[in-house]
Protein chains: 2
Amino acid sequence: MLEYLFKHSSHPTVEEIYRNLVPEIPTLSRTTVYNALNLFSEKDLVCEVNVGEKETRYDANTGEHAHFKCNSCGRVYDVWIEKKDWGVESLEGFKIEEKHLYYRGICPRCSRG
Amino acid sequence: MLEYLFKHSSHPTVEEIYRNLVPEIPTLSRTTVYNALNLFSEKDLVCEVNVGEKETRYDANTGEHAHFKCNSCGRVYDVWIEKKDWGVESLEGFKIEEKHLYYRGICPRCSRG
DNA sequence: TTTCGTGCAAATTATTTGCACTCCC
DNA sequence: GGGAGTGCAAATAATTTGCACGAAA
């Protein structure tokens, strides 16, 4: 199937993936992109990322890392933060399965202009 | 305006707010709920919460706290985590404006049954 | 009367679903 | 022929927008 998807990897939305791949595969449809991504994410090859937007982004990087979304340009960055800095390990009575951490602000590119 | 909204506060979606208030205010429309929430969130009276879903939830609690979403029942809880545990304070070249932290897993209610 | 909050209904955007088509065994 | 992956086009869902109406300043 479409393994090529994540050679192009950053934190694309479905729409971006679609646009990037249509030139190479003109027959491609959005449906197929959705299919592929859902399949991948079920198998934990990629993970879904929500940074406060309606559009879901996908990340080829399944390691534990946080994200930074630029409020100015909209880019999403990976940020690697030590696990000890990820908040508490456990909560009274709660079984924690996933932790999600993200920041918003201004990225270096935008703050320099 | 509609201050009553956040006497009912937990972490409602627009739909939930709407349903909760229609009995009291039968003329209410979803549009008004959206208007009110957007206004409130601009003025930082409430904040938007995204816990990996398409629907945006709103939180009357603007203090710095994290969230826990139950994968089983779907409830969203506030969890108060000391700031020191909120990951790094600053990142090389990045201007951090907001931090978002949330967990997913099973809540006490669901793990007991 | 001007302005503001409201609410309907239509538009937009993101995603899902139903079904038909083709390629390969 | 039968199953898989694909893709169109219609359906849903969440949210936004355009406009018109009524109450209060």
Side-chain angles (χ1 to χ4, degrees), chain A residues 1-60 67 69 71 73-76 100 102 104, chain B residues 1-60 67 69 71 73-76 100 102 104:
Chain A
M1 219 216 212
L2 310 171
E3 313 295 307
Y4 9 35
L5 276 182
F6 283 91
K7 284 152 196 151
H8 306 249
S9 57
S10 54
H11 298 108
T13 62
V14 170
E15 194 60 23
E16 285 163 0
I17 296 172
Y18 177 68
R19 295 234 184 90
N20 273 313
L21 288 178
V22 165
E24 295 177 38
I25 314 157
T27 67
L28 186 68
S29 79
R30 258 165 274 259
T31 308
T32 306
V33 179
Y34 281 109
N35 285 341
L37 289 171
N38 288 336
L39 206 78
F40 289 163
S41 106
E42 270 172 38
K43 311 222 167 170
D44 291 317
L45 298 172
V46 303
C47 55
E48 304 184 351
V49 177
N50 272 101
V51 279
E53 300 192 307
K54 39 198 165 187
E55 277 187 286
T56 304
R57 290 167 178 278
Y58 291 86
D59 194 339
H67 294 101
K69 162 104 194 247
N71 281 330
C73 66
R75 279 191 195 82
V76 176
H100 298 269
Y102 71 91
R104 305 183 116 247
Chain B
M1 217 218 214
L2 311 172
E3 312 295 307
Y4 9 35
L5 277 182
F6 284 90
K7 282 152 197 151
H8 306 248
S9 57
S10 55
H11 297 111
T13 62
V14 170
E15 194 58 26
E16 285 164 359
I17 296 172
Y18 177 68
R19 294 235 185 89
N20 272 314
L21 288 178
V22 165
E24 295 177 37
I25 314 157
T27 67
L28 186 67
S29 79
R30 258 165 273 259
T31 307
T32 306
V33 179
Y34 281 110
N35 285 342
L37 289 171
N38 289 336
L39 206 77
F40 289 164
S41 104
E42 270 171 40
K43 310 220 168 174
D44 291 317
L45 297 172
V46 303
C47 54
E48 304 185 351
V49 177
N50 271 100
V51 280
E53 299 191 309
K54 38 198 166 190
E55 278 188 286
T56 304
R57 290 167 178 279
Y58 291 85
D59 193 340
H67 295 101
K69 162 103 198 248
N71 282 329
C73 66
R75 279 192 195 80
V76 176
H100 298 269
Y102 70 90
R104 304 183 116 248

From OG1 (A:T32) to CG (A:L37), nearest 0.5 Å: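 Between atom OG1 of A:T32 and atom CG of A:L37 there are 10.5 Å.
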Atom pair NZ/OG1 of B:K54 and B:T13 - distance to nearest 0.5 Å: 12.0 Å
What is the distance, to the nearest angstrom, from the [atom1] atom on [X] to the [atom2] atom on [N]?
X     : N      : atom1 : atom2 : result
A:L37 : C:dT16 : CG    : P     : 10 Å
A:R30 : D:dA9  : CZ    : P     : 12 Å
A:E53 : D:dA14 : CD    : P     : 18 Å
A:E15 : C:dT16 : CD    : P     : 14 Å
A:L21 : D:dT6  : CG    : C1'   : 15 Å
B:N35 : C:dT6  : CG    : C1'   : 8 Å
A:E48 : C:dT16 : CD    : C1'   : 14 Å
A:Y18 : C:dT15 : OH    : C1'   : 15 Å

Test item: A:Y58 and A:E48 side chains (from C-beta on) under 4.5 Å apart, heavy atoms: yes
Residue pair B:E53 / B:K69, side-chain heavy-atom distance below 4.5 Å: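 Touching, per the 4.5 Å side-chain cut-off.
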Nearest-nucleotide pick for [X], side chain only, options being [options]:
X     : options               : value
B:Y34 : C:dG18, C:dG7, D:dT16 : D:dT16
A:N38 : C:dT16, C:dT6, D:dC8  : C:dT16
A:E55 : C:dA14, D:dC8, C:dT6  : C:dA14
B:K54 : D:dA14, C:dT6, D:dA9  : D:dA14
A:T32 : C:dT15, C:dG7, D:dT6  : D:dT6
B:T31 : C:dA9, C:dT17, D:dA14 : C:dA9

Full working for side-chain contact (heavy atoms from CB on, under 4.5 Å) between B:N35 and B:L39: CA-CA 6 Å; B:N35 285 342; B:L39 206 77; over 6 Å; no
Sugar-phosphate only, base, or nothing, as touched by B:T27 at under 4.0 Å among non-hydrogen atoms: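 Answer is sugar-phosphate: B:T27 comes under 4.0 Å of backbone atoms only.
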side-chain contact (heavy atoms from CB on, under 4.5 Å) between A:V51 and A:H11, worked out: CA-CA 11 Å; A:V51 279; A:H11 298 108; over 6 Å; no
All stems with DNA chain D, defined as three or more consecutive Watson-Crick or G-U pairs under 3.5 Å: C:1-25 with D:1-25
Aromatic plane relationship, A:H100 with B:Y102 - under 30° parallel, 30 to 60° tilted, over 60° perpendicular: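 Taking A:H100 first and then B:Y102, their aromatic rings lie parallel (interplane angle under 30°).
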Short side-chain N/O contact to D:dT15 OP1/OP2 from B:T56, under 4.0 Å: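 For B:T56, the contact criterion (side-chain N or O under 4.0 Å from OP1 or OP2 of D:dT15) is met.
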